[in-house]
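Take a look at the structure below.
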Amino acid sequence: MSPAATDAAGGDLFAANLTGSLLAVASSAFIGVSFIVKKKGLRRAATAGARAGAGGYGYLLEPLWWVGMVTMLVGEIANFIAYMFAPAVLVTPLGALSIIVSAVLAHFTLNEKLHRVGVLGCGLCIVGSTMIILHAPQERTPSSVEQIWHLATQPSFLCYAAIAVGVSLFLMLYCAPRYGQMNIIVYVGICSVIGSLTVMSIKAVGIAIKLTIEGINQAGYFQTWVFAVVSATCIVIQLVYLNKALDTFNTAVVSPIYYAMFTTLTILASAIMFKDWSGQKASNIASEICGFLTVLAGTVVLHSTREPDQTASADLYAAFPPKIYWHIQGNGDIGKQREDDSLTCEFITVVRQDYFV
């Protein structure tokens with residue numbers, strides 16, 4: 001290939017990465033807003049029936065929740081298109097920008113306070129995202145869905161997929177009923193593990209659509225429909241458990257943990273399936289990893305400066321008689337108890353400890 005042709009190909013790949021980056025940024029903005037709108041909808045629905053975190057589905061009748069869903073759908077569509085142009089190693093980490101949006105909006109609309117150090121966390125996320133964009137790999141689009149199927153059926157990726165499905169089933173069937181209300185890792189872990197498979201299948205569907213638009217019809221391949229079914233199934237599972245996580249725990253806690261786990265697993269899955277880092281210089285790979293670690297540090301800083309959500313923990317005491325009044329001191333000891341001695345102090349202390357462990 002001549003130098004001119006090489007330069008032209010490099011320019012096309014850079015333009016594709018830039019398009020994917022811009023779409024990913026727009027997607028993050030919409031998704032960040034949707035977190036807040038859905039949270040407000042879930043709070044409204046909880047006043048009229050069982051919370052989503054307790055297995056209720058009353059939020060499906062709440063218009064505000066649907067507004068949040070539509071906003072998230074717009075963001076996901078933008079994200080979906082971004083995967084057509086840029087590698088997952090570039091698109092997925094830019095989801096950190098949605099954390100900044102949700103953290104700022106939660107400060108003003110949900111009274112979930114963002115302290116000054118949280119601004120540093122936002123800055124770290126922006127710096128890390130910029131590093132990732134500048135050093136992202138230039139991915140060449142497969143010429144058919146059959147090539148993607150070949151990548152998906154490699155022994156290494158099949159092994160990853162089997163482990164992901166096994167871990168998800170264990171979390172859903174065993175851990176969620178027992179520990180879902182007490183440990184945020186259960187719900188968020190399900191979303192993250194399933195999410196890594198979602199991204200791989202969505203990227204495959206997106207590439208198939210892009211090739212079809214360009215005149216290379218991919219609808220006749222059964223692999224296209226297999227990827228589509230996998231995508232739809234994984235998205236539904238993600239939505240169910242993300243709603244449970246948002247309804248049970250503080251948005252400021254859910255967002256960074258979800259981002260860290262989801263992004264790490266997605267980068268791992270993409271590296272295994274699409275060989276994103278194959279042929280890259282070691283310096284570029286190191287810069288991408290440093291950028292991701294910078295973003296991850298930003299999410300940790302942002303999370304550490306936020307106040308715990310009080311609404312979820314309040315539901316634990318909803319069944320107590322209204323004539324019981326408790327004054328909890330800073331060390332968890334019971335300072336005052338009135339009008340009903342049927343429940344021991346030790347019982348209340350254990351409930352509080354179990355919830356926050």
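Values reported hereafter were calculated over all heavy atoms of this structure, with side chains retained and with hydrogens, waters and symmetry mates removed.
- Using a distance-only test at 3.5 Å, with no hydrogens or angles considered, a donor-acceptor pair links the side chain of Ser201 to the main chain of Thr198.
- A donor-acceptor pair under 3.5 Å is absent between the side-chain atoms of Asp247 and the main chain of Asn243, judged by distance alone.
- Ser287 places none of its side-chain heavy atoms less than 4.5 Å from the side chain of Leu134.
- Rounding to the nearest 0.5 Å gives a distance of 8.5 Å between OG of Ser144 and CD of Gln223.
- At distances below 3.5 Å, at least one donor-acceptor pair connects side-chain atoms of Glu62 with backbone N or O atoms of Leu64.
- In this structure the side chain of Ile235 reaches within 4.5 angstrom of the side chain of Ile202, judged on heavy atoms.
- Rounding to the nearest 0.5 angstrom, the gap separating the CG atom in Asn217 from the OG1 atom in Thr224 is 8.5 Å.
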Discussion item. Go through it in stages, so that I can follow the logic: the residues are Thr92 and Tyr83, the test is side chain to side chain donor-acceptor pair (under 3.5 Å), and I'd like the CA-CA distance, side-chain angles, deciding distance and then a yes or no.
Written reply: CA-CA 9 Å; Thr92 306; Tyr83 282 115; 2.8 Å; yes
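- Contact annotation: the side chain of Ser196 approaches that of Thr266 to within less than 4.5 Å [non-hydrogen atoms, C-beta and beyond].
- Counting heavy atoms from C-beta outward, Val199 and Phe262 have side chains that approach closer than 4.5 Å.
- When atom types are taken as modelled, the side chain of Lys39 and the backbone of Leu246 share a donor-acceptor pair closer than 3.5 angstrom.
- The structure places NZ of Lys244 at 14.5 Å from CD1 of Ile184, a figure rounded to the nearest 0.5 Å.
- For the pair Ile216 and Thr212, the minimum side-chain heavy-atom distance is 4.5 Å or more.
- Side-chain contact check for Arg43 versus Leu110: some heavy-atom pair is nearer than 4.5 Å.
- Within the 6.0 Å centre-distance limit, the rings of Trp149 and Phe227 are counted as a close aromatic pair.
- Screening Ile289, Val127, Thr294, Leu90 against Ile132 for a side chain to side chain contact (heavy atoms under 4.5 Å, CB included) leaves a single residue, Leu90.
- One side chain, Gln181 or Tyr187, offers a donor N or O that lies under 3.5 Å from an acceptor on the other.
- Taking each heavy atom of Ser156 and Lys275 in turn, the nearest pair found is OG-NZ, 4.5 Å.
- Cluster annotation: Leu242 and Tyr179 are assigned to the same hydrophobic cluster (Ile/Leu/Val/Met/Phe/Trp/Tyr, side-chain heavy-atom contacts under 4.5 Å, transitive).
- Atom CG of Leu265 sits about 11.0 Å away from atom CD1 of Ile194, to the nearest 0.5 Å.
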Atom pairs and distances, side-chain donor-acceptor, residues 162-172, under 3.5 Å, sequence neighbours left out:
from	atom 1	to	atom 2	distance (Å)
Ser168	OG	Ala164	O	2.8

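- Taking OH from Tyr241 and OH from Tyr258, the interatomic distance works out to 14.0 Å, rounded to the nearest 0.5 Å.
- For the pair Lys210 and Phe85, the cation-pi test (distance below 6.0 Å, angle within 45°) is passed.
- Trp225 and Ile207 are not part of a single hydrophobic cluster, where members link through side-chain heavy atoms under 4.5 Å apart.
- Formation of a donor-acceptor pair under 3.5 Å by the Thr248 side chain with backbone atoms of Ala245 is not found in this model.
- Between the side chain of Arg44 and the backbone N or O of Lys40 there is no donor-acceptor pair closer than 3.5 Å.
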Quiz: residues 19-34 side-chain donor-acceptor pairs under 3.5 angstrom, not counting sequence neighbours:
from	atom 1	to	atom 2	distance (Å)
Thr19	OG1	Ala15	O	2.9
Ser21	OG	Asn17	O	2.8
Ser27	OG	Gly75	O	2.6
Ser28	OG	Ala24	O	3.1
Ser28	OG	Leu94	O	2.8
Ser34	OG	Ile31	O	2.6

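- Note that the OG atom of Ser231 and the CE atom of Met200 stand 10.5 Å from one another [nearest 0.5 Å].
- Side chains of Glu76 and Met72 form a contact here, defined as non-hydrogen atoms less than 4.5 Å apart.
- Legend: side chain to side chain donor-acceptor pair (under 3.5 Å) pairs involving residues 120-137, not counting sequence neighbours, sorted by first then second residue: His135-Asn284.
- Side-chain atoms of Val229 and Val226, non-hydrogen and from C-beta on, never get closer than 4.5 Å to each other.
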